*Asks:* 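My questions all concern the structure below.
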Amino acid sequence: RAASELAALLESLFIDAADDWNCISEGQLTSQEITKKWQKLARLQMEAEKKYFSDSLELSDTLKKSAISESQMHFLATYG
């Protein structure tokens with residue numbers, strides 16, 4: 001049951017991400033806006049996974065910070 005509920009929630013997040021991607025691909029967002037949207041979706045995904053699978057392995061803070069930093073560098077290099 002938990003997996004089914006998580007899948008439904010993640011599908012909703014995927015729809016939001018696809019909408020965000022349309023804005024990104026059309027050049028409507030700044031790199032800062034892109035990073036904020038990515039961080040929001042990542043946070044919502046993490047919260048959903050914790051809600052439905054609270055005993056799963058957690059992403060370390062170091063790894064999380066590294067992922068955010070790398071994504072920011074990627075968006076700056078790609079979109080200015």
Side-chain angles (χ1 to χ4, degrees):
R1 178 179 170 197
S4 177
E5 291 175 3
L6 176 61
L9 184 66
L10 291 177
E11 186 174 347
S12 174
L13 289 177
F14 177 77
I15 291 168
D16 290 343
D19 184 50
D20 289 343
W21 175 246
N22 288 332
C23 293
I24 292 167
S25 66
E26 293 173 7
Q28 296 175 358
L29 301 174
T30 67
S31 59
Q32 186 177 16
E33 290 170 323
I34 293 167
T35 300
K36 285 182 181 182
K37 285 186 174 289
W38 176 84
Q39 289 172 339
K40 179 183 174 186
L41 286 171
R43 184 175 53 255
L44 290 171
Q45 178 186 356
M46 183 178 62
E47 289 171 359
E49 289 172 355
K50 282 184 179 182
K51 177 179 178 181
Y52 293 105
F53 295 99
S54 59
D55 59 345
S56 65
L57 296 175
E58 289 193 26
L59 185 62
S60 73
D61 285 337
T62 303
L63 185 57
K64 193 182 322 178
K65 288 177 185 176
S66 176
I68 290 169
S69 175
E70 287 184 31
S71 68
Q72 288 172 336
M73 288 188 296
H74 168 75
F75 285 120
L76 282 174
T78 304
Y79 301 105

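These figures come from a predicted structure and were not determined experimentally. No hydrogens, no waters, no symmetry mates; every other heavy atom, side chains included, goes into these values.
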*Asks:* Of all heavy-atom pairs between Gln28 and Glu33, which one has the smallest distance, and what is that distance?
*Replies:* O-OE1, 4.0 Å

*Asks:* Using a cut-off of 6.0 Å, state whether more than 12 heavy atoms not belonging to Gln32 lie near its atom CD.
*Replies:* no

*Asks:* In the single-linkage hydrophobic clustering (I, L, V, M, F, W, Y; side-chain heavy atoms under 4.5 Å), do Leu6 and Leu13 co-cluster?
*Replies:* yes

*Asks:* So, Thr78 side chain and Phe75 main chain: donor-acceptor pair closer than 3.5 Å or not?
*Replies:* no

*Asks:* Say you draw a straight line from CD of Gln45 to CZ of Arg43; how long is it, rounded to the nearest 0.5 Å?
*Replies:* 12.5 Å

*Asks:* Going by the side chain to side chain contact (heavy atoms under 4.5 Å, CB included) test, name the single residue among Leu29, Ile24, Asp19, Asp16 that passes it with Lys37.
*Replies:* Leu29

*Asks:* Would you compute the distance between atom CD of Gln39 and atom NZ of Lys36 and round it to the nearest 0.5 angstrom?
*Replies:* 8.5 Å

*Asks:* For atom NZ of Lys64, decide whether the heavy atoms of other residues, nucleotides or ligands shown that lie under 6.0 angstrom number more than 12.
*Replies:* yes

*Asks:* For the atom pair CG (Asp20) and OG (Ser25), what is the distance rounded to the nearest 0.5 Å?
*Replies:* 11.0 Å

*Asks:* For residues Trp38 and Leu9: do they belong to one hydrophobic cluster (side chain heavy atoms under 4.5 Å, members Ile, Leu, Val, Met, Phe, Trp, Tyr)?
*Replies:* no

*Asks:* Got more than 12 heavy atoms from elsewhere within 6.0 Å of CD, Glu26?
*Replies:* yes

*Asks:* Ignoring hydrogens and geometry, is there a side-chain-to-backbone donor-acceptor pair from Ser69 to Lys65 under 3.5 Å?
*Replies:* no

*Asks:* Looking only at atom types and distance, does a side-chain atom of Ser71 sit under 3.5 Å from a main-chain N or O of Ile68, one as donor and one as acceptor?
*Replies:* yes

*Asks:* Is the number of heavy atoms from other residues, nucleotides or ligands within 6.0 Å of OH (Tyr79) greater than 12?
*Replies:* yes

